[in-house]
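This report concerns only the one structure given below.
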Amino acid sequence: MRPVGPPGAPPTAGAPKASQAPKAPRAPKAPTGDPLVGERYEVEVGSVAHGGGHCVARHEGRVLFVRHALPGEKVIAQVTEGTTTSRFLRADAVEVLEPAKDRIAPPCPFSGPGKCGGCDWQHVTPGGQRKLKVQVLTEQLAKLAGLTPAEAGWDGSVEPVGGKLSAGQVPAWRTRVQYAVDPRSGKVGLRKHRSHEIQPVDRCLIAAEGVTELGVEARDWPGVVSVEAIAASGSSDRQVVLTPAPGAQLPLVELDRPVSIARIDEQGDPHKVHGRGFVRERAAGRTWRVSNGGFWQIHPEAPDTLVDAVLDGLDPQWGENALDLYCGVGLFAGALADRVGEDGAVLGIESGKQAVADARHNLAALENVRIECDRVESLLPRTGITATDLIVLDPPRAGAGRETVAHLAGLGARRIAYVACDPAALARDLAFFRAGGYRPVSLRAFDLFPMTHHFECVAILEPVGGE
């Protein structure tokens with residue numbers, strides 16, 4: 001998964017590059033109708049919905065997307081967005097009249113209606129969270145791909161990752177946390193759901209120990225918009241990436257552990273301030289350089305879990321050729337290169353310039369790997385490649401899309417591994433692959449983002465009629 005901001009943050013557009021003329025912002029459409037924010041309705045909660053950690057309820061024929069609720073509950077839902085003319089309303093369950101059996105008291109004091117938007121399901125048992133994710137994936141496969149779990153090669157489970165925890169204990173898995181800074185107080189916090197408003201926090205329970213031990217929450221950050229804390233897995237490297245307010249000076253950074261410092265300029269580009277410009281991650285038998293907050297899976301066990309699932313599904317053979325698309329810093333390319341050997345070849349394609357530089361550094365010793373920098377949909381047709389044996393793709397949240405899938409299906413790969421962080425995008429692309437003559441023969445889902453509605457999938461596809 002490729003997060004684009006802090007937990008619960010709304011999507012934001014990056015600053016335009018110096019070579020781009022900034023576009024005039026569009027004025028938001030004013031909502032019509034009378035506002036209903038603050039209205040309370042007693043509702044019976046229906047099924048979980050895809051995205052946002054909410055469930056579906058209805059009041060007088062109108063749909064409500066309700067957070068902090070569970071299927072089968074009766075709750076008092078307070079409207080947070082919507083008017084009398086809205087097609088649907090958003091709401092929070094502010095009182096639970098009839099709780100579900102999987103409901104628990106949220107362990108985090110900052111979780112709940114109107115508070116931090118980072119965790120969706122602090123109020124649900126770990127097993128209950130995975131059941132909700134099963135329901136979401138099942139529905140998306142049926143709705144968008146026309147597949148039952150059996151037809152997708154899925155056993156109907158979302159697999160837990162990591163050791164078993166004691167009752168009430170929260171898994172501290174998030175090795176990268178981006179805090180927002182209150183411009184008035186200089187204190188850090190996390191964004192509220194669908195809001196730029198900041199919930200001050202003194203500790204994030206899902207933050208990994210290496211993040212917590214830095215003591216970011218205990219410091220003031222004057223002149224800073226955001227603070228990203230990074231704790232590498234498999235090394236002692238720690239990094240803090242600061243985004244200063246326009247025209248502000250960076251503060252002197254003194255934390256509880258040795259740490260490298262980087263800053264993000266007004267064009268969105270990172271610059272080293274102190275220490276290394278990267279952290280060293282350890283996965284799949286290698287050490288990986290990841291520079292200045294670049295993409296890396298944020299659950300410490302995610303890289304090995306996903307590599308194992310991809311290799312098990314593809315079963316690469318010596319001498320085969322492979323494509324690693326949206327390859328990041330080269331994780332899957334390196335694993336494939338080891339398996340196809342010197343008689344095989346791997347081409348990785350990635351659009352991020354820094355990620356490409358890292359991938360080339362990380363895989364420099366492998367003569368059978370080449371990494372190219374461009375958008376997959378732009379470069380792939382220009383490569384002249386007409387056939388390959390294996391394909392791995394790990395696209396962004398929106399998925400690969402119809403045209404890219406059609407191109408991949410035309411390469412005649414023996415097997416394709418699709419790594420997905422969004423079940424709807426996965427299901428849509430599986431439908432496109434089916435139109436191109438490929439079917440899923442295996443699908444696994446992993447609970448790599450506990451306490452949130454997110455999870456990761458690995459689908460293995462083969463040509464229809466292939467052996």
Problem set entry | Contact summary for Asp394 and Gln297, nearest pair of heavy atoms |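 Smallest heavy-atom distance, with atoms named: OD2-NE2, 4.5 Å.
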
Problem set entry | For Gly328 against Ala359, the heavy-atom pair lying closest together |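 Where Gly328 meets Ala359 most closely, the heavy atoms are O-CB, 3.7 Å.
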
Under the criterion side-chain contact (heavy atoms from CB on, under 4.5 Å), which of [options] is the partner of [X]?
| X | options | answer |
| --- | --- | --- |
| Leu331 | Leu306, Val290, Val307 | Val307 |
| Val177 | Ile298, Leu190, Val216, Val188 | Leu190 |
| Glu456 | Asp422, Val161, Val419, Leu426 | Val419 |
| Phe446 | Glu159, Lys133, His299 | Glu159 |

Fit a plane to each ring of [X] and [Y], take the angle between them on a 0 to 90° scale, and name the class: parallel (under 30°), tilted (30 to 60°) or perpendicular (over 60°).
| X | Y | answer |
| --- | --- | --- |
| His68 | His123 | tilted |
| Phe449 | His454 | perpendicular |
| Trp288 | Trp296 | tilted |

What distance separates [X] [atom1] from [Y] [atom2], expressed to the nearest 0.5 Å?
| X | Y | atom1 | atom2 | result |
| --- | --- | --- | --- | --- |
| Arg103 | Glu98 | CZ | CD | 12.5 Å |
| Ile391 | Leu323 | CD1 | CG | 5.5 Å |
| Arg444 | Cys457 | CZ | SG | 11.0 Å |
| Leu97 | Glu44 | CG | CD | 10.0 Å |
| Leu393 | Leu325 | CG | CG | 6.0 Å |
| Asp429 | Thr404 | CG | OG1 | 8.5 Å |

I'd like to know if the side chain of [X] and the backbone of [Y] have a donor-acceptor N/O pair within less than 3.5 Å.
| X | Y | result |
| --- | --- | --- |
| Thr80 | Arg90 | yes |
| Ser86 | Leu89 | no |
| Arg397 | Cys421 | yes |
| Gln199 | Gly189 | no |
| Arg263 | Leu242 | no |
| Lys115 | Pro109 | yes |

I'd like to know if the side chain of [X] pairs up with that of [Y] as donor and acceptor (distance under 3.5 Å, no hydrogens or angles considered).
| X | Y | result |
| --- | --- | --- |
| Ser291 | Asp358 | yes |
| Thr85 | Thr32 | yes |
| Glu217 | Tyr179 | yes |
| Asp120 | Gln129 | no |

Problem set entry | Over 12 foreign heavy atoms within 6.0 Å of CD, Gln169 |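 More than 12 within 6.0 Å, yes.
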
Exercise. Where do Asp269 and Gln354 land on the side-chain contact (heavy atoms from CB on, under 4.5 Å) test, with the steps shown first?
Worked result: CA-CA 10 Å; Asp269 295 322; Gln354 185 59 63; over 6 Å; no

Considering only heavy atoms from C-beta outward, does the side chain of [X] approach that of [Y] to under 4.5 Å?
| X | Y | answer |
| --- | --- | --- |
| Val458 | Val310 | yes |
| Tyr418 | Leu408 | no |
| Trp173 | Ile206 | yes |
| Val170 | Cys108 | no |
| Phe455 | Leu132 | no |

Exercise. So His271 and Val273, side-chain contact (heavy atoms from CB on, under 4.5 Å) or not? Walk me through it.
Worked result: CA-CA 6 Å; His271 301 274; Val273 175; 5.7 Å; no

Exercise. Salt bridge (Lys or Arg N to Asp or Glu O under 4.0 Å): which pairs involve residues 218-232, sequence neighbours left out?
Worked result: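 Listed by first then second residue: Lys187-Asp220, Arg219-Asp256.
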
For this session: Would you please test Arg62 and Glu39 for salt bridge (Lys or Arg N to Asp or Glu O under 4.0 Å) and show each step?
Result: CA-CA 14 Å; Arg62 179 176 290 161; Glu39 292 291 321; over 6 Å; no

